[in-house]
Amino acid sequence: MKFGIIKERKDPPDKRVVLTPNACVTLKKTYPDLEIIVEKSENRTFSDQEYEEKGIQVLDDVSSADVLLGVKEVPIEALIPNKKYFFFSHTIKEQPYNRDLLRAILEKNIELHDHEVITDKNEIRLVAFGRYAGIVGAYNGIRTFGLKQKSFELPKAQELKDQAELIEELKKIALPNIKIVLTGKGRVSNGAKEMVDGMGIKEVSVKAYLNDSFDEAVYCQIDVLDYNKRKDGRVIDMYDFFDHPEDYESDFMRFAKVSDVYIAGHFYASGAPYIFTREDAKSEDFKIRVVADISCDIDGPVASTIRPSTIADPVYGYDRIEEKETSYSDPEAIAVMAVDNLPNELPRDASRGFSEGFVTHVIPAFFNGDKDGILERSAMTKKGKLTDRFSYLEGYVQGE
């Protein structure tokens, strides 16, 4: 079995990698029959030389590999027919901009495994960059607050080495007695929580957050039943929300009335209520002036996220009244940080974390007969067709 680590070709190039040099060494020791080759790349956070120093062959052409491992979407012209690929395809939500990519994968008889759907039998994701998105997103959110208020300037995350350096920078600043609301309780949100905890911001309960005043900065991490409520007034449990999102409406405005900064680290499922709408944002009661939207669903549950931003230019303004982009320095504008590839600002940390999950959960499936069904569940396409699990994408592929 030969695995190839491919060069990232999406523009701008991603620096992350599925397997670090140390992970490759571990795998070769564990599975003597496994071979790993690496495609030359000038952009990868781990250099060609770092792989070569570990005895991993670096080549111009990795088409001899059986399985090709990447991070972001592979451009159609670079796809090699009749191979197994692992990468984030951004097609499982029927994203229009990648329809042609999925069509090409089917036409080229490629077996695609999307990192996003590598799960255990309980549908829990096994490999993800979410924690690092949360880490960088929270840092960027605080940085955005400083830019918006013209009160302090932090270096960009990409200029720093690791999470520890990000926290050290955050500790240098003094925040006023603002309130920060953080949505979600998963990897992303908990990564963000690490940062606000790391800089010493006090966590308070929902009741205290909504009703009390403080002489220091505080934050509150809220889950789905804190910012959604059943339309009939009943309180059941979070599983009822997941099973029947159409029976719920947003209850986020009670937080928006008292919050200065919103860090969005939730998972948004189809059919769930929007967290706040464009009409909500027009309200005089809507106090939030900085949104760090780590989840970054465009024109979705966070109304101010009207486009993704970039690492090079991470902040834009949202005019609440005109519903359009403006300067984030406008006093009435919401400053929006919606970078859609946040882990790429901490590529070495993020790659190590992702690689650990891939080594632990995915590679063994190739050598144990896929006894836990990991490869079967993550396969979106096989033999030129969508697998049963992803047959719902047939209309998407056909352009319907």
Side-chain angles (χ1 to χ4, degrees), residues 88 90-95 114-131 133-134 137-138 180-194 196-197 203-210 219-256 259 262-277 280 293-303 305 357 360-361 372-374 376-380 387-393:
F88 288 105
H90 296 115
T91 58
I92 64 171
K93 295 180 183 177
E94 304 184 32
Q95 292 93 322
D114 192 304
H115 295 308
E116 196 168 349
V117 292
I118 297 174
T119 65
D120 65 14
K121 62 182 180 181
N122 296 317
E123 302 296 332
I124 303 299
R125 286 183 63 181
L126 298 174
V127 293
F129 288 106
R131 176 183 170 226
I180 302 169
V181 63
L182 170 57
T183 47
K185 289 289 180 78
R187 283 190 183 96
V188 174
S189 185
N190 288 335
K193 185 180 189 301
E194 289 180 38
V196 290
D197 285 340
E203 183 176 12
V204 298
S205 68
V206 170
K207 182 179 179 181
Y209 187 90
L210 293 175
Y219 82 93
C220 185
Q221 185 183 23
I222 59 177
D223 210 349
V224 290
L225 295 187
D226 296 314
Y227 59 90
N228 293 288
K229 60 183 179 181
R230 279 189 63 96
K231 295 174 183 176
D232 62 9
R234 289 191 297 158
V235 178
I236 304 180
D237 57 32
M238 65 190 305
Y239 300 104
D240 180 66
F241 172 78
F242 295 141
D243 292 339
H244 305 286
E246 69 280 359
D247 293 338
Y248 285 76
E249 61 187 5
S250 174
D251 198 21
F252 184 74
M253 274 300 291
R254 61 186 183 141
F255 293 93
S259 300
Y262 170 31
I263 300 175
H266 57 273
F267 171 76
Y268 179 73
S270 178
Y274 278 9
I275 295 172
F276 72 85
T277 65
D280 292 333
D293 189 356
I294 303 169
S295 300
C296 195
D297 291 305
I298 308 306
D299 284 327
V302 178
T305 304
T360 302
H361 299 293
D372 298 315
I374 289 169
E376 181 183 1
R377 280 189 297 274
S378 64
M380 292 181 61
T387 60
D388 290 345
R389 185 173 159 86
F390 295 93
S391 59
Y392 73 90
L393 293 171

Handout entry: Residue list, ring pair (Phe, Tyr, Trp, His ring centres under 6.0 Å) with Phe129, at least two apart or on another chain
Key = Phe354
Handout entry: Those residues that, when tested against Tyr248, pass side chain to side chain donor-acceptor pair (under 3.5 Å) (two or more places apart)
Key = Asp240
Fill in the blank from the handout: Across all chains, not counting sequence neighbours, the ring pair (Phe, Tyr, Trp, His ring centres under 6.0 Å) partners of Tyr262 are Phe252
Problem - Set of side chain to side chain donor-acceptor pair (under 3.5 Å) partners for Glu249, sequence neighbours left out - result: none
Practice task
Please identify each residue that fulfils side chain to side chain donor-acceptor pair (under 3.5 Å) with Ser259, with sequence neighbours left out.
Solution key: Tyr209
Problem - Distance-only side-chain donor-acceptor flag, Asp388 / Ser391, under 3.5 Å - result: no
Handout entry: side chain to side chain contact (heavy atoms under 4.5 Å, CB included) partner of His266, the single match among Val302, Leu182, Val188
Key = Val302
Exercise for the section: Classify the side-chain pair Asn190/Gln221 by whether it contains a donor and acceptor separated by less than 3.5 Å. Expected result: yes
Exercise for the section: Check whether any side-chain N or O of Arg187 sits under 3.5 Å from a backbone N or O of Gly134 as a donor-acceptor pair, and report yes or no. Expected result: no
Handout entry: Value rounded to 0.5 Å, distance of CZ in Arg389 from CD in Glu376
Key = 9.0 Å
Practice task
Drop me the distance from His361's NE2 to Ile118's CD1, to the nearest 0.5 angstrom.
Solution key: 10.5 Å
Handout entry: Distance in Å, Thr91 OG1 paired with Met380 CE, rounded so as to fall on 0.5 Å steps
Key = 3.5 Å
Handout entry: Results of ring pair (Phe, Tyr, Trp, His ring centres under 6.0 Å) for Phe267 - residues two or more places apart only
Key = none
